[in-house]
Amino acid sequence: MGVLTWAAAGEGRMDAVFALLCGLAGTALFAQLHETLIPVLYDPTNVGQIILTDLLGNYAAAVAVLGIGFGLCTWGIGKLWGSGGPIVAFEGGRDSETSPGNAENG
C-alpha cells in the first residue's frame with residue numbers, strides 16, 4: 001500500500017499526497033503514544049507464547065496436524081490452478097467473451 005501511495009504521489013495525484021501526510025502523522029502519533037498504549041492494549045491480551053505442541057500435548061501430533069494441513073492446502077491449490085477454469089467469478093466475465101482476440105468473435 002505504501003509503495004503504491006508513493007507511486008501515485010510521484011504521478012502528481014493530490015489524494016496520494018494527503019494519504020502520505022496522514023500516514024506520517026498517524027505513525028508519529030503512534031510512536032509518541034506507544035508507551036501509554038502498551039498497558040491499555042497489549043498487556044490485557046498477552047497470553048504468552050502459544051505453540052502447537054502445547055495445545056496438542058506431544059510433538060508427533062503437532063507434526064501430523066501440520067503435515068495434514070500443508071497437504072490439504074497443496075491439494076486445494078492444485079485443484080484451483082489445475083481446473084483450467086476461472087478461479088474467481090470475475091475472470092470469465094463478459095469482457096473475455098467479447099474481446100478482440102476471441103476466436104468466436106472474429
Side-chain angles (χ1 to χ4, degrees):
M1 177 82 178
V3 173
L4 295 176
T5 306
W6 281 105
E11 291 177 351
R13 297 188 54 174
M14 287 305 294
D15 59 338
V17 173
F18 290 117
L20 284 173
L21 291 175
C22 291
L24 290 173
T27 302
L29 181 66
F30 181 79
Q32 291 297 318
L33 295 176
H34 187 260
E35 292 299 322
T36 307
L37 293 174
I38 287 175
V40 176
L41 297 177
Y42 299 142
D43 289 342
T45 59
N46 184 8
V47 293
Q49 184 178 8
I50 300 175
I51 56 176
L52 197 56
T53 53
D54 290 340
L55 292 175
L56 298 177
N58 66 16
Y59 184 77
V63 170
V65 166
L66 284 176
I68 291 170
F70 286 137
L72 287 173
C73 288
T74 304
W75 175 79
I77 290 171
K79 289 297 266 185
L80 283 174
W81 286 346
S83 66
I87 294 174
V88 290
F90 61 82
E91 288 185 11
R94 286 179 37 186
D95 291 340
S96 63
E97 295 172 0
T98 60
S99 63
N102 195 346
E104 295 175 1
N105 293 330

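Quick note: residue numbers are just sequence positions, from 1. Since the model is a prediction, treat every value here as computed from it, not as a measurement. Values below: all heavy atoms of this structure, side chains included; hydrogens, waters and symmetry mates excluded.
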Separation between CG of L20 and CG of D15, rounded to the nearest 0.5 Å: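 That separation rounds to 10.0 Å.
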What is the distance from atom CG of N58 to atom CG of L52, rounded to the nearest 0.5 Å?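 Between N58 CG and L52 CG, I get 10.0 Å after rounding to 0.5 Å.
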Using ring-ring contact (aromatic ring centres under 6.0 Å, His included) as the criterion, list what pairs up with F70, not counting sequence neighbours.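 F70: no ring-ring contact (aromatic ring centres under 6.0 Å, His included) contacts found.
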Would a hydrophobic clustering, with Ile, Leu, Val, Met, Phe, Trp and Tyr connected at side-chain separations under 4.5 Å, put Y42 with L29?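 Y42 clusters together with L29.
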same_hphob_cluster(V40, I38) at 4.5 Å side-chain heavy-atom cutoff: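 Per the 4.5 Å side-chain linkage, V40 and I38 are co-clustered.
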Is I68 close to L72 at the side-chain level, that is, under 4.5 Å between some pair of heavy atoms?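 Counting from C-beta outward, L72 and I68 do come under 4.5 Å.
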Could you pull out the closest heavy-atom pair between [X] and [Y], with the gap in Å?
X   : Y   : answer
P39 : P44 : O-CD, 3.4 Å
T53 : Y59 : CG2-CA, 3.9 Å
T45 : L41 : OG1-O, 3.2 Å

